[in-house]
Trainee: 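Once you've had a glance at the structure underneath, I'll fire off some questions.
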Amino acid sequence: MDTDTDVFLRRLAHELRPRADQSVEVMLRSMRDELPELWQCEDIAALAARETAGHVATFLDVLEHGLDACPVRAPSEALEIGRRFARRGVPVTKLLRAFRLGHLSLLRLIQSAAGRLTGDPELVNEATLRLLETGFAYVDRGSEEVVAAYQEERDHRLQRRLLVTHEASRRIGTTLDTARTAEELAEVGTDEFADLVVIDLLEAVLHENGASPPADAPLLRRIAQRSVLDDSAVPASATGHTHTYPEGTDPARVLATGRPLLGSAASTDGHAGPAPSRNGAHGPDAAGLHSMLLVPLRARGRPLGLAQFFRRRTGVPFDDDDLMLAQEIASTAAVYIDNARRYSQERFTALTLQRSLLPQRAVDHSAVETASRYLPSGSRAGVGGDWYDVVPLSGARVALVVGDVVGRGLHASATMGRLRTAVRAFADIDLMPDELLTHLDDVIIRLQREEELDGVETATCLYAVYDPVSRTCSLASAGHVSPAVVTPAAADGDSPARRSVHFPDIPIGPPLGLGGLPFETCQLELPEGSLLALHTDGLIESRTRDVDAARDLLGAVLARAPESLDETCDRLLSALLPSRPSDDVALLVARTRALDPCHVSTLDLPCDPAAVAGARVHASERLAAWGLEEPAFATELMVSELVTNAVRYGRDPIQLRMILQDTLTLEVSDGSSTAPHLRRARTTDEGGRGLFLIAQLAERWGTRHTREGKVIWAEQSLPATAAAAR
């Protein structure tokens with residue numbers, strides 16, 4: 001019987017082979033009816049026809065030649081079908097169902113043909129059993145191979161997904177720059193994933209104030225676009241331009257709902273694409289793009305923008321796995337974009353605060369001419385606490401200050417503002433440089449205690465006082481670098497004047513905030529026209545250059561400094577900082593002036609009440625010599641009160657000094673350190689009204705202490721005609 005069955009099966013295979021094409025069509029029709037979603041792509045449909053024809057031919061060979069079905073290999077098209085189903089994320093169960101349906105249809109065709117070839121029911125029954133046995137063996141063997149190909153492709157896709165995710169985490173967010181982070185997302189997206197990636201960010205996100213976007217038709221800016229296609233295949237980009245997506249379009253819905261979208265050229269509404277205009281964009285099909293992913297960029301519950309991924313007509317369309325991968329890398333990028341946005345906002349706020357706390361314009365002072373620069377760092381560390389200041393003092397003097405708070409960000413800027421205010425307050429009571437730094441040290445220690453800081457907050461400061469009368473500069477340093485001093489020199493023939501530059505060896509005390517350590521004041525005598533260059537360490541410190549080399553370069557630039565101090569500042573920054581600095585830089589350049597000796601009058605007085613009359617006469621004669629008859633009465637009255645106070649309450653030596661600038665300053669010094677104070681005299685008191693009279697007559701008045709005693713000074717405004725004559 002077995003021989004008869006084998007002969008019958010060979011005859012059956014021989015009978016069916018001419019009608020193999022018809023059998024293939026019947027099998028494909030059956031599978032399409034049962035699983036229509038698997039044949040939506042043209043490439044799979046064409047491959048499925050070849051695969052089915054291969055199965056029919058192979059199975060007929062098994063029947064015709066009596067082969068064992070177990071070692072027979074499935075057609076290569078069947079393995080490729082399995083790989084393509086894996087790429088599209090089709091469940092393996094559907095793939096196996098399609099495989100079984102196809103072979104079931106083939107067995108039905110063969111059984112139907114067997115009934116037409118013989119009327120022997122026993123032979124038909126035996127042949128049917130043999131067909132089922134052979135068919136199951138073939139299906140089992142083929143299924144194993146197809147599932148293995150499916151799983152191999154699936155594993156490859158998972159591995160690729162992990163690699164892309166790893167690359168995204170490694171390559172995205174390398175800077176705290178919003179635009180650069182978006183470009184990194186586009187670069188990763190076009191690295192064997194998409195053919196074209198465009199990134200739109202909400203315009204409000206790019207604003208420093210972080211304003212919330214409007215609910216309807218938000219304005220977006222094309223911030224990045226990258227393509228691996230030929231230029232002719234993609235419409236021209238509008239990177240940097242703003243646009244909106246009309247309400248109801250796919251991008252608008254994705255932005256509004258926060259849900260991603262997997263689409264195709266057939267389903268898109270034509271408003272997603274690589275080249276937006278003011279009222280929309282070219283559709284994907286305009287550039288031959290057939291598949292797209294629209295992924296919202298969101299971080300910390302806030303919408304940031306939209307990432308769009310496209311593939312061309314010849315590529316494999318995106319699937320659900322691709323959508324998940326795009327969401328992962330877009331989510332990673334969104335966090336970094338939001339970090340960059342937050343950093344930019346904090347930096348902008350800190351920089352605004354920093355600049356608002358610095359002097360807004362150059363101080364016009366008779367003692368010095370100044371120019372200054374503040375340059376924030378270019379690193380991600382944030383704005384620092386560098387500052388400078390120019391503070392007018394009594395007696396025609398001026399204070400020059402440069403400081404640096406350790407730390408970055410808003411806290412450093414706020415601390416800088418506190419210290420600058422404290423310096424001005426201490427300068428107003430005319431403290432010596434070392435005493436001022438001691439009080440400033442106490443301020444920082446108090447801030448540490450009040451704010452309960454985990455670490456020690458410190459700062460450095462250089463405080464210098466220049467006196468144009470004596471041409472001396474008194475300065476003290478709290479952990480701050482010494483200034484550069486440039487003394488003028490005569491020109492050598494036709495060559496420009498080359499100045500002498502040196503860095504004085506001043507005693508540098510500890511940084512502020514350590515407490516309990518002394519500071520020391522030193523004095524320098526400066527010729528008229530000398531330059532003082534005060535700066536923070538960011539100007540000379542660099543990872544690629546030695547500090548000594550930077551100082552040499554600083555000295556070389558100052559030695560050839562132009563007449564303009566602003567140009568001098570620019571040349572220093574250009575030479576020492578050709579690129580963005582890694583630390584903040586504060587620079588203050590001052591050119592010293594000397595007061596004309598004819599505008600200073602000094603008179604030594606004995607500690608005797610009779611000296612008051614002589615002081616009045618001297619003041620009257622000086623005013624007459626200076627052509628200042630108008631303020632003579634008020635000046636003589638103030639001289640009388642100041643000298644009387646010094647004789648009555650002070651001790652030798654007593655001296656009267658008159659300084660003529662845009663204002664007239666009267667100074668009376670004595671050897672006592674007791675400071676006078678303004679009080680309210682009763683109607684029955686014979687005295688106690690001297691300082692009250694001075695406060696009424698003078699524009700400003702005050703007391704400053706010296707190593708030898710104290711100085712009481714009063715400043716008068718001059719008439720407009722007299723001030724103009726100066």
Side-chain angles (χ1 to χ4, degrees), residues 393-397 428-432 435 467 469-470 472 595-661 663-719 722:
L393 301 176
S394 63
R397 299 168 307 131
D428 193 51
I429 57 177
D430 270 325
L431 292 178
M432 294 289 291
E435 294 177 357
D467 186 346
V469 177
S470 61
T472 59
L595 200 59
D596 188 344
C598 296
H599 289 182
V600 181
S601 176
T602 304
L603 176 65
D604 293 326
L605 299 169
C607 190
D608 184 347
V612 176
R616 289 174 62 97
V617 172
H618 176 80
S620 178
E621 292 174 350
R622 279 285 83 197
L623 292 177
W626 289 335
L628 299 175
E629 289 81 6
E630 185 175 340
F633 176 78
T635 301
E636 292 178 22
L637 181 57
M638 285 192 289
V639 167
S640 295
E641 295 298 334
L642 291 174
V643 173
T644 299
N645 274 343
V647 170
R648 180 175 298 176
Y649 303 110
R651 60 172 182 263
D652 287 330
I654 299 175
Q655 186 184 76
L656 168 66
R657 186 168 75 161
M658 303 173 64
I659 302 173
L660 178 61
Q661 299 173 285
T663 60
L664 176 63
T665 303
L666 305 176
E667 295 183 346
V668 175
S669 61
D670 66 81
S672 172
S673 60
T674 303
H677 61 277
L678 189 65
R679 67 184 181 88
R680 189 177 190 87
R682 293 173 295 183
T683 55
T684 57
D685 290 344
E686 295 182 1
R689 299 176 178 84
L691 291 181
F692 176 77
L693 291 174
I694 292 173
Q696 299 304 308
L697 296 173
E699 186 76 19
R700 298 189 308 141
W701 74 278
T703 304
R704 70 173 181 269
H705 291 271
T706 65
R707 302 297 186 196
E708 296 78 22
K710 68 175 181 296
V711 177
I712 306 177
W713 57 271
E715 187 177 285
Q716 289 177 272
S717 297
L718 296 178

Trainee: Go through the structure and list residues passing side chain to side chain donor-acceptor pair (under 3.5 Å) with Gln696, not counting sequence neighbours.
Mentor: none

Trainee: Measure the shortest side-chain to side-chain distance between Arg700 and Trp713 over non-hydrogen atoms and say whether it is less than 4.5 angstrom.
Mentor: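 SC-SC contact between Arg700 and Trp713 confirmed.
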
Trainee: Could you report the tightest heavy-atom contact between Pro606 and Val647, atom names first, then the distance?
Mentor: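 For Pro606 versus Val647, the nearest heavy atoms are O-CG2, 4.2 Å.
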
Trainee: Heavy-atom distance under 4.5 Å between the side chains of Gln661 and Glu715, does that happen here?
Mentor: no

Trainee: Calculate, to the nearest 0.5 Å, the distance between atoms OG1 and CZ belonging to Thr665 and Arg397 respectively.
Mentor: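 CZ of Arg397 is found 10.5 Å from OG1 of Thr665.
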
Trainee: Between Asp430 and Ser394, which heavy-atom pair has the shortest distance, and what is it?
Mentor: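 Heavy-atom minimum between the residues: OD2-OG, 2.7 Å.
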
Trainee: Look at Asp670 together with Arg651 and state whether they make a salt bridge at an N to O cut-off of under 4.0 Å.
Mentor: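 Looking at Asp670 and Arg651, the cut-off is not met.
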
Trainee: For Met658, run the side chain to side chain contact (heavy atoms under 4.5 Å, CB included) check against Glu667, His599, Arg622 and tell me which one passes.
Mentor: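 Exactly one option meets the side chain to side chain contact (heavy atoms under 4.5 Å, CB included) with Met658, and it is Arg622.
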
Trainee: Could you grab the distance from atom NE2 of His705 to atom OG of Ser672, nearest 0.5 Å is fine?
Mentor: 9.0 Å

Trainee: Any side-chain heavy atom of Leu660 within less than 4.5 Å of one from Leu718?
Mentor: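 Heavy-atom side-chain distance check passes, below 4.5 Å.
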
Trainee: Does a donor on one side chain and an acceptor on the other come within less than 3.5 Å for Gln716 and Thr635?
Mentor: yes

Trainee: Heavy-atom distance under 4.5 Å between the side chains of His618 and Val639, does that happen here?
Mentor: no

Trainee: When you compare the side chain of Leu623 with that of Leu664, does any pair of heavy atoms fall below 4.5 Å?
Mentor: yes

Trainee: Please give me the minimum heavy-atom distance between Ala698 and Ala714, naming the atom from each residue.
Mentor: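 Minimum heavy-atom contact is CB-CB, 4.0 Å.
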
Trainee: Ser669 and side chain to side chain contact (heavy atoms under 4.5 Å, CB included): which partner among Ile712, Val711, Leu642?
Mentor: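 Testing Ser669 for a side chain to side chain contact (heavy atoms under 4.5 Å, CB included) against Ile712, Val711, Leu642 leaves exactly one candidate, Val711.
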
Trainee: Provide the closest heavy-atom pair for Asp467 versus Val469 in the form atom of the first, atom of the second, distance.
Mentor: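 For Asp467 versus Val469, the nearest heavy atoms are OD1-N, 2.9 Å.
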
Trainee: If we ignore hydrogens and angles and just use 3.5 Å, is the side chain of Arg648 paired with the main-chain N or O of Asn645 as donor and acceptor?
Mentor: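 No; judged by distance alone, with no hydrogens or angles, the pair does not exist.
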
Trainee: Search all heavy atoms of Leu605 against all heavy atoms of Asp652 and return the closest pair with its distance.
Mentor: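 Leu605 and Asp652 have their closest heavy atoms at O-OD1, 4.3 Å.
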
Trainee: When rounded to the nearest 0.5 angstrom, what distance separates CD1 in Ile429 from OG1 in Thr703?
Mentor: 10.5 Å

Trainee: Closest approach of Ala396 and Ile659, non-hydrogen atoms and distance?
Mentor: CB-CG2, 4.2 Å

Trainee: Filter on salt bridge (Lys or Arg N to Asp or Glu O under 4.0 Å), then keep only pairs touching residues 609-619, sequence neighbours left out; what's left?
Mentor: Arg616-Glu636

Trainee: When you compare the side chain of Trp701 with that of Met638, does any pair of heavy atoms fall below 4.5 Å?
Mentor: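 They are not in contact (no side-chain heavy atoms under 4.5 Å apart), so the answer is no.
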
Trainee: A side-chain contact here means heavy atoms from C-beta on lying under 4.5 Å apart; do Arg704 and Leu393 qualify?
Mentor: no

